[in-house]
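Ligands are counted one by one from 1 in listed order, and the atoms in each one are counted from 1 as well. Remember, predicted model here, so these are calculated numbers, not experimental data.
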Amino acid sequence: MEARFEELIEGFVTGNIGISEHFLGLPLAAALHKNLLQLDSDMLMIRAGIGNTLVSDKTQTLRGDKTCWLEAMTKNSAEMEFLDIIDQFIGHLNQTCYTGLTSCEFHYALYEEGKGYAKHKDQFRNHNARKFSMISYLNEDWQEQDGGQLIIHNDTQPELVIFPNNQKAVFFQSDKVVHEVAIAHRPRMSITGWLKN
Ligand code: OGA
Ligand code: MN
């Protein structure tokens, strides 16, 4: 795992965005994907809001995903494995980068066909506990024509376009990076969350 952590940190240090192509490994990505489909068929994936305000029709056109939070005390083996990796990553960051992180929060996210997320940053205006954003994708055989790119905006450089390929993790600073999710043309799945202090 340390090599994957270093991939994320290296990209972050050199260009603000860490990417690890095979962060999850196939078995874990498959198990989390299966969990997400089960949650959706049990109607537990809920239309997401923006910031800590109530969902309104307006926000739904800005943000189209449905989410379900992971419980810290989960007994699901894939979720336990995922959260254990995140704990190790937090420990690694604190040791090597003095980040002072103390906790995290993660949710499953599902963008159905035709949904995306307009340009935004991940930190609530009145709340700055979210230090780093981290997204891990659960999409086998994602093709360019499936859309759903994560687009990273930057004043000085061209946009960075990241396809949501299975197992890939992306890591960036929550209060700095303006980003959007392009409209997906097939269901687009991930585990998305925040490392906090
Ligand atoms: C988010 C977000 C990006 C992605 O949930 O805040 O920006 O690629 N997600 O899913
Ligand atoms: Mn975001």
Mind telling me whether His107 and Trp69 have parallel, tilted or perpendicular rings, with 30° and 60° as the class edges? perpendicular

Check the surroundings of atom CD in Glu144: do more than 12 heavy atoms from other residues, nucleotides or ligands lie under 6.0 Å from it? no

In plain terms, say whether Glu105 and Arg130 are close enough for a salt bridge, that is, a side-chain N and a carboxylate O under 4.0 Å apart. yes

Ligand 1 versus Glu180: contacting region, heavy-atom distance under 4.0 Å: neither

When you measure from the side chain of Asn166 to the backbone N and O of Asn139, does any donor-acceptor pair fall under 3.5 Å? yes

Relative to the heavy atoms of His179, which atoms of ligand 1 are at a distance of less than 4.0 Å? 2 (C), 7 (O)

Does any N/O atom on His120 come nearer than 3.5 Å to any N/O atom on ligand 1? yes

Are the side chain of Ser20 and the backbone of Ala169 linked by a donor-acceptor contact shorter than 3.5 Å? no

Distance to 0.1 Å, residue and atom name: give those for the protein heavy atom nearest to atom 5 (O) of ligand 1. Thr192 CG2, 3.7 Å

Taking only heavy atoms of Arg188, which atoms of ligand 1 are found under 4.0 Å from at least one of them? 4 (C), 8 (O), 10 (O)

Close-contact set for ligand 1 against Tyr137 heavy atoms, below 4.0 Å: 4 (C), 8 (O)

Report the name of the N/O/S atom of Asp122 located nearest to the Mn ion (ligand 2). OD1

Aromatic ring proximity Phe172/His179, centre distance under 6.0 Å: yes

Check each heavy atom of Val170 against ligand 1 and say whether those closer than 4.0 Å belong to the side chain, the backbone, both or neither. neither

Using a strict threshold of under 4.0 Å (side-chain N to carboxylate O), is an ion pair present between Lys121 and Asp175? no

Counting from 1, what ligand 1 atoms have a heavy atom of Asp122 closer than 4.0 Å? 6 (O)

